[in-house]
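All of these numbers come straight from a predicted model, not from anything done at the bench. Hydrogens, waters and symmetry mates are skipped; everything else that's a heavy atom, side chains included, is used.
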Amino acid sequence: FIVSTPIQQEILALDKNFKTKFKCISNYKEFHDPYFVACDEDHNILVADYLNDCIQFFSSDGQYLSYFTHEKLRQPFGIAFDKKKNMLII
């Protein structure tokens with residue numbers, strides 16, 4: 001399970017017994033209200049980082065990969081994928 005804890009500003013991976021396996025730690029900015037977490041087809045972890053106005057990307061084992069931001073991207077709170085595997089930011 002991958003969960004967002006906006007109050008603690010953390011993204012956690014939990015095992016089947018809900019014990020923490022790892023935390024995602026950003027090399028870009030510390031999380032600031034990480035509202036939504038999704039996984040892509042490669043099992044990478046995507047985080048809608050609401051007040052940092054960005055999407056942060058992590059590998060399936062929680063290693064920081066990159067981030068995406070744009071001048072028109074403001075307070076993302078959701079991520080989805082269409083049938084063509086395009087990422088949609090809400």
Side-chain angles (χ1 to χ4, degrees):
F1 304 100
I2 305 293
V3 296
S4 169
T5 61
I7 293 172
Q8 291 85 11
Q9 308 295 324
E10 294 179 325
I11 302 299
L12 304 173
L14 307 176
D15 66 17
K16 64 181 179 178
N17 297 314
F18 300 101
K19 304 272 188 212
T20 301
K21 290 171 53 177
F22 61 82
K23 293 181 185 181
C24 294
I25 298 173
S26 174
N27 290 350
Y28 172 59
K29 291 183 176 182
E30 289 185 17
F31 293 119
H32 199 160
D33 289 338
Y35 273 106
F36 191 86
V37 179
C39 292
D40 65 15
E41 67 179 359
D42 297 321
H43 307 287
N44 292 316
I45 302 164
L46 292 71
V47 180
D49 197 351
Y50 186 75
L51 290 178
N52 279 330
D53 299 326
C54 70
I55 304 297
Q56 296 201 46
F57 299 86
F58 298 84
S59 66
S60 61
D61 62 352
Q63 298 300 309
Y64 176 80
L65 298 174
S66 64
Y67 72 95
F68 170 79
T69 190
H70 187 275
E71 63 187 34
K72 294 186 178 183
L73 178 61
R74 296 286 179 249
Q75 300 176 331
F77 62 90
I79 303 167
F81 294 91
D82 67 12
K83 291 180 181 180
K84 295 182 180 180
K85 301 177 185 169
N86 295 308
M87 181 174 55
L88 309 171
I89 302 171
I90 304 163

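Under the 3.5 Å distance criterion, the side-chain polar atoms of D82 are matched with a main-chain donor or acceptor of K84. Distance alone, capped at 3.5 Å, places no donor-acceptor pair between the D42 side chain and the N44 backbone. The main-chain N or O of I55 is never found under 3.5 Å from a side-chain atom of D49 such that the two would form a donor-acceptor pair. Remark: side-chain polar atoms of D15 are paired, donor with acceptor, to backbone N or O of N17 under 3.5 angstrom. For D53 (side chain) and T69 (main-chain N/O), no donor-acceptor pair under 3.5 Å exists by modelled atom type. Panel note: side chain Q9, backbone D33; a donor-acceptor pair is recorded below 3.5 Å.
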> Does the pair S26 and F58 meet the rule for a side chain to side chain contact (heavy atoms under 4.5 Å, CB included), with working shown?
Replying inline: CA-CA 8 Å; S26 174; F58 298 84; 4.2 Å; yes
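Less than 6.0 angstrom separates the ring centroid of F1 from the ring centroid of F18.
Hydrophobic clustering (side-chain heavy atoms under 4.5 Å, transitive across Ile, Leu, Val, Met, Phe, Trp, Tyr) keeps L73 apart from Y50.
With contacts defined as side-chain heavy-atom distances shorter than 4.5 Å, the pair V37/V3 does not qualify. Side-chain contact between V47 and C24 is absent, with no heavy atoms from C-beta onward closer than 4.5 Å. Two residues are said to be in side-chain contact when any heavy atoms from C-beta on lie closer than 4.5 Å; I89 and F68 meet this criterion. Q75 places a side-chain heavy atom less than 4.5 Å from the side chain of L51.
A distance of 7.5 Å separates CG of L14 from CD1 of I2, quoted to the nearest 0.5 Å. Taking CG of L12 as the reference point, atom NZ of K21 lies at 12.0 Å (rounded to 0.5 Å).
Between E10 and F31, the shortest heavy-atom contact is CA-CD1, 4.4 Å. Summarising the geometry of A48 relative to P76, their closest heavy-atom pair is CB-O, 3.7 Å, with the distance given to 0.1 Å. The shortest heavy-atom contact between I45 and C39 is CG1-SG, 4.4 Å. In terms of heavy-atom proximity, R74 sits nearest to H70 at NH1-O, 4.2 Å. Closest approach of L46 and M87 over heavy atoms only: CD2-SD, 3.3 Å.
The side-chain contact (heavy atoms from CB on, under 4.5 Å) check on K83 picks up nothing, with sequence neighbours excluded.
Remark: F77 CZ is loosely packed, at most 12 non-hydrogen atoms of other residues, nucleotides or ligands lying under 6.0 Å away. Crowding of I7 atom CD1: a count of heavy atoms from other residues, nucleotides or ligands under 6.0 Å not exceeding 12. Within 6.0 Å of atom OH in Y67, 12 or fewer heavy atoms from other residues, nucleotides or ligands are found, so the atom counts as exposed in its surroundings.
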